[in-house]
Number of protein chains: 2
Amino acid sequence: MLTKTEERYLKAIYKINELWPSLVSTNALAHKVRTSAASVTDMIKKLAAKELVFYEPYKGVRLSAQGVAIATQLVRKHRLWETFLVQKLDFEWSEVHEIAQHLEHIPSEKLVQQLDRFLDYPKFDPHGDPIPNAEGKFTLREQLLLSRLEVGQSGTLVRVKSQQNDFLRHLDKLQISMGCTIHILERENYDQSMLIQIDNHHTVMLSKQISIMLFVRPA
Amino acid sequence: MLTKTEERYLKAIYKINELWPSLVSTNALAHKVRTSAASVTDMIKKLAAKELVFYEPYKGVRLSAQGVAIATQLVRKHRLWETFLVQKLDFEWSEVHEIAQHLEHIPSEKLVQQLDRFLDYPKFDPHGDPIPNAEGKFTLREQLLLSRLEVGQSGTLVRVKSQQNDFLRHLDKLQISMGCTIHILERENYDQSMLIQIDNHHTVMLSKQISIMLFVRPA
DNA sequence: AAATTTATTTAGATTCATCTAAATATTTTT
DNA sequence: AAAAATATTTAGATGAATCTAAATAAATTT
């Protein structure tokens with residue numbers, strides 16, 4: 001049985017590796033779990049002793065097959081709970097990440113299974129992230145960074161790249177929500193900001209910073 | 001902010017005190033939280049320093065008003081989660097206690113509130129235990145130990161006194177479930193066992209041991 | 001009331017996850 | 001390739017929750 005902390009590290013390694021597929025550095029991991037590099041080294045050794053990661057001192061760490069399996073189940077639980085909180089308990093998408101961080105560590109195979117069934121086996125969570133099934137498999141959708149769309153093109157918002165509270169609440173303010181249609185009206189060359197129209201309705205300026213955080217399915 | 005362990009102790013004191021309204025002894029508490037008396041003494045001092053309990057060395061411990069408030073909220077969360085697991089996720093009443101032990105420590109005021117709403121403000125959990133509301137108040141129903149009913153009398157099962165897995169599964173086997181009608185047909189004098197009829201249908205022998213674990217509302 | 005038994009507390013050690021500071025390895029700059 | 005900067009590991013300490021063993025207090029028995 002793993003401690004909550006061990007699970008946190010495994011999932012952090014998984015997530016970093018998802019973005020940057022290579023050995024995960026001690027520092028990157030320390031940043032992700034908000035602790036010191038020294039603590040990370042300690043924990044990595046523990047996980048290596050349990051054969052959940054492969055570790056080469058000074059080089060970095062990567063998950064073993066077993067480590068991947070555990071991390072995937074954590075991601076599954078996290079995303080199912082987020083879906084539950086939004087769909088059933090009327091939470092905002094900006095509120096659920098933190099609570100799901102706790103819920104994902106509740107130990108019960110049956111709980112996840114029944115939750116999945118209760119939600120009718122959702123494939124994506126409120127942020128558009130894919131939900132692994134019981135076997136750890138998940139669907140990848142066609143997706144493209146909004147910043148890559150050309151002027152004149154349109155896309156449907158299918159995923160956001162950050163769960164940060166203030167980022168999501170900013171999107172709320174702009175009335176940008178999952179599934180909305182975004183049409184590119186203009187693009188400024190000097191700062192890559194873009195003028196967009198949302199759901200054929202209102203028009204807003206989007207900074208590059210934001211446009212690289214949104215995934216769309218091109219129309 | 002309290003640790004999960006501190007919360008466990010507070011709730012344990014609350015529950016022991018509920019059954020035996022007096023100072024809670026170190027040993028009783030040690031037994032309840034399955035640890036040593038020495039550990040309990042340590043923890044009690046910590047809780048006393050936080051003014052959540054009043055502690056007299058060698059005499060015992062009792063909750064302060066603040067301690068009662070926290071314990072009551074834990075009971076509330078525990079019972080709401082149990083209700084959720086049975087009503088929404090199709091768990092058996094014998095399976096939910098352990099999972100709820102974990103869920104009750106998830107920190108989020110809004111989570112409890114929304115869960116309560118989602119369940120439509122239930123007053124009792126699957127074992128018939130009253131669910132405190134957000135203010136900590138709960139309803140007491142008229143209830144009587146089944147063992148106190150006379151031959152010829154009937155009652156409706158409204159509460160069970162234990163959450164133990166094997167006890168509840170034994171009731172399942174006897175087809176005794178919450179809300180069923182129990183009619184006393186005979187009582188043996190030498191061991192206080194009773195012959196009962198359930199829902200005007202099948203007939204079984206109940207040992208005293210079991211009859212003192214069931215609360216009924218007399219018909 | 002003294003002796004014995006039982007309950008409780010104290011003392012000292014252990015494990016987990018963390019920290020800071022110092023040492024060492026690696027990478028980058030010059 | 002040497003120097004400087006950065007990243008990583010080691011060493012030693014800390015706080016939380018636990019343990020065992022020993023000391024002490026309270027309750028019970030004789």
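The chains referred to below are lettered A, B, ... by the order of the sequence lines, with proteins before strands, and numbering in each begins at 1. None of the values given here were measured: they were computed from a predicted structure.
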B/Thr41 side-chain proximity, nearest of C/dT10, D/dT8, C/dC19: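 So the nucleotide nearest the side chain must be C/dT10.
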Nearest-neighbour nucleotide for the B/Tyr9 side chain, D/dT18, C/dT10, D/dT10 considered: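 Nearest nucleotide to the side chain: D/dT18.
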Output the rounded distance in Å from [atom1] ([X]) to [atom2] ([N]).
X	N	atom1	atom2	value
A/Asp42	D/dT8	CG	P	15 Å
B/Glu6	D/dA16	CD	C1'	9 Å
A/Lys50	C/dC16	NZ	P	8 Å
B/Met43	D/dA16	CE	P	9 Å

Touch class at under 4.0 angstrom, heavy-atom based, for A/Lys45 against every strand present: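 Sugar-phosphate only.
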Sugar-phosphate only, base, or nothing, as touched by A/Thr5 at under 4.0 Å among non-hydrogen atoms: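 Counting heavy atoms under 4.0 Å across all strands, the contact made by A/Thr5 is with sugar-phosphate only.
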B/Trp93 side chain near B/Asp172 side chain, heavy-atom distance below 4.5 Å: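 Heavy-atom side-chain distance check passes, below 4.5 Å.
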DNA chain C contacts among residues 12-34 of chain A, heavy-atom distance under 4.0 Å: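 Heavy-atom contacts with DNA chain C come from no residue of residues 12-34 of chain A; none.
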Pair A/His127-A/His97, side-chain donor/acceptor within less than 3.5 Å: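 Short answer, no.
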Pair B/Gln163-B/Glu98, side-chain donor/acceptor within less than 3.5 Å: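 Note: B/Gln163 and B/Glu98 side chains miss the donor-acceptor criterion.
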OP1 or OP2 of [N] versus the side-chain N and O atoms of [X]: is any pair under 4.0 Å?
X	N	result
B/Ser39	D/dC19	yes
A/Arg8	C/dC16	no
A/Tyr55	D/dT8	no
B/Ser36	D/dC19	yes

For B/Tyr9, ring-ring contact (aromatic ring centres under 6.0 Å, His included) partners two or more places apart: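 If we apply the ring-ring contact (aromatic ring centres under 6.0 Å, His included) test to B/Tyr9, skipping adjacent residues, there are no hits.
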For residues 28-39 of chain B, dump all side-chain donor-acceptor pairs below 3.5 Å to protein atoms at least two apart in sequence or in another chain.
unit_1: B/Thr35; atom_1: OG1; unit_2: B/Ser39; atom_2: OG; d: 3.4
unit_1: B/Ser36; atom_1: OG; unit_2: B/Ser39; atom_2: N; d: 3.2
unit_1: B/Ser36; atom_1: OG; unit_2: B/Ser39; atom_2: OG; d: 2.9

Pull out every protein N or O sitting under 3.5 Å from an N or O of nucleotides 24-29 of chain D, one pair per line with the distance.
none

Under 3.5 Å, side-chain donor or acceptor atoms of residues 116-124 of chain B against the rest of the protein: list the pairs with distances, not counting sequence neighbours.
unit_1: B/Asp116; atom_1: OD2; unit_2: B/Arg76; atom_2: NH1; d: 3.1
unit_1: B/Asp116; atom_1: OD2; unit_2: B/Arg76; atom_2: NH2; d: 3.3
unit_1: B/Arg117; atom_1: NH2; unit_2: A/Asp90; atom_2: OD2; d: 2.9

A/Glu18 atom CD, neighbour heavy-atom count above 12 within 6.0 Å: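 Atom CD in A/Glu18 is crowded, with more than 12 foreign heavy atoms closer than 6.0 Å.
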Over 12 foreign heavy atoms within 6.0 Å of CZ, B/Arg217: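 At most 12 heavy atoms, drawn from other residues, nucleotides or ligands, come within 6.0 Å of this atom.
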Listed partners of B/His105 passing side chain to side chain donor-acceptor pair (under 3.5 Å), at least two apart: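 Counting only residues at least two positions away or on another chain, B/His105 forms a side chain to side chain donor-acceptor pair (under 3.5 Å) with B/Glu7.
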